[in-house]
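Heavy atoms only: backbone and side chains are in, while hydrogens, waters and symmetry mates are out.
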Amino acid sequence: METTRHFTATTYVVNDGATALHAHERLGIRLPPGGHVDRDELPHEAALREVREETGLEAELVATESPIEGPNTRGLPEPAHLMLHDINVHEDGSVGHQHVDHLYYARVGSREITPNGTEEVESDGWRWYTPAELAESDLQRDVIDLGREAIAAVDGA
């Protein structure tokens, strides 16, 4: 069986020592803003677009860029992590679909979430988590670890 793969971008947004997570209806878990990279869109552009659409916030990525340049070459904001998510796992263990996720950290100037898209989670579906609240939560381990790492990276930058 063939595995299909899509490129995605996810951004842990941070404001004043906390990161925002929303209740993902289909998956039944809390996640940061994110989604598919559109055709002809760069991953960091998708990350910023998804934050705008899902939260209404303007984000500034906290990311390094390669200093190497050439006549037709330049660096792009590098994700904090590049992750592979199995989306459709069949009973026999085979994977039908995966997301190749470019995971970024960003700072935002406000905690006022006002989604821009018609299909987005409403404002009351979002919650801001401090590192202590993440540690004490029953969220997925990777969400806890990445959320805490994002807060440390953004607050330390």
Ignoring hydrogens and geometry beyond distance, is a side-chain donor-acceptor pair present between Glu149 and Tyr105 at under 3.5 Å?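 Looking only at side-chain atoms, Tyr105 and Glu149 do form a donor-acceptor pair, the distance falling under 3.5 Å.
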Test item: side-chain donor near acceptor, Gln98 and Asp86, under 3.5 Å: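 Short answer, yes.
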Please lay out, stage by stage, how His81 and His102 fare under the test ring pair (Phe, Tyr, Trp, His ring centres under 6.0 Å). CA-CA 6 Å; His81 296 280; His102 300 75; over 10 Å; no
Between [atom1] on residue [X] and [atom2] on residue [Y], distance to nearest 0.5 Å:
X: Thr4; Y: Asn88; atom1: OG1; atom2: CG; value: 7.5 Å
X: Thr73; Y: Ile68; atom1: OG1; atom2: CD1; value: 10.0 Å
X: Leu134; Y: Arg141; atom1: CG; atom2: CZ; value: 9.5 Å
X: Ile113; Y: Thr55; atom1: CD1; atom2: OG1; value: 6.0 Å
X: Asp155; Y: Asn15; atom1: CG; atom2: CG; value: 9.0 Å
X: Leu84; Y: Asp101; atom1: CG; atom2: CG; value: 9.5 Å

Quick one: are [X] and [Y] in side-chain contact, heavy atoms under 4.5 Å?
X: Glu58; Y: Arg52; answer: yes
X: Ile144; Y: Gln140; answer: no
X: Thr10; Y: Leu31; answer: no
X: Glu53; Y: Pro115; answer: no
X: Val51; Y: Tyr12; answer: no
X: Thr130; Y: Trp128; answer: no
X: Thr3; Y: His97; answer: no
X: Trp126; Y: Pro33; answer: yes

Tell me whether Glu112 at atom CD has more than 12 heavy atoms from other residues, nucleotides or ligands lying less than 6.0 Å away.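 Not buried by this count: 12 neighbours or fewer within 6.0 Å.
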Which heavy atom of [X] sits nearest to which heavy atom of [Y], and what is that distance?
X: Thr19; Y: Gly147; value: CG2-CA, 4.1 Å
X: Arg30; Y: Ala23; value: NH1-N, 3.6 Å
X: Val37; Y: Ala9; value: CG2-N, 4.1 Å
X: Pro77; Y: Leu61; value: CB-CD1, 4.2 Å
X: Gly17; Y: Pro131; value: O-CD, 3.3 Å

Give a yes or no on whether a salt bridge exists between Glu45 and Arg49, defined as a side-chain N under 4.0 angstrom from a carboxylate O.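 Looking at Glu45 and Arg49, the cut-off is not met.
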In terms of side-chain geometry, is the basic nitrogen of Glu60 or Arg107 positioned less than 4.0 Å from the acidic oxygen of its partner?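 Answer for the salt bridge query: yes.
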Within one Ile-Leu-Val-Met-Phe-Trp-Tyr cluster: [X] and [Y], side-chain cutoff 4.5 Å:
X: Val14; Y: Leu103; result: yes
X: Val143; Y: Ile151; result: yes
X: Ile87; Y: Val89; result: no
X: Val100; Y: Leu146; result: no
X: Leu76; Y: Val62; result: no

Could you check whether Arg127 makes a cation-pi contact with Tyr129, meaning its NZ or CZ is under 6.0 Å from the centre of the six-membered ring and within 45° of the ring axis?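 Geometry flag: set, cation within 6.0 Å and 45°.
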On the 0 to 90° scale, with breaks at 30° and 60°, tag the His36-His6 ring pair as parallel, tilted or perpendicular.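 Correct class here is perpendicular.
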Test your reading of the model: is there a side-chain donor-acceptor pair from Arg148 to the backbone of Ala132, 3.5 Å cut-off?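 No; zero donor-acceptor contacts below 3.5 Å.
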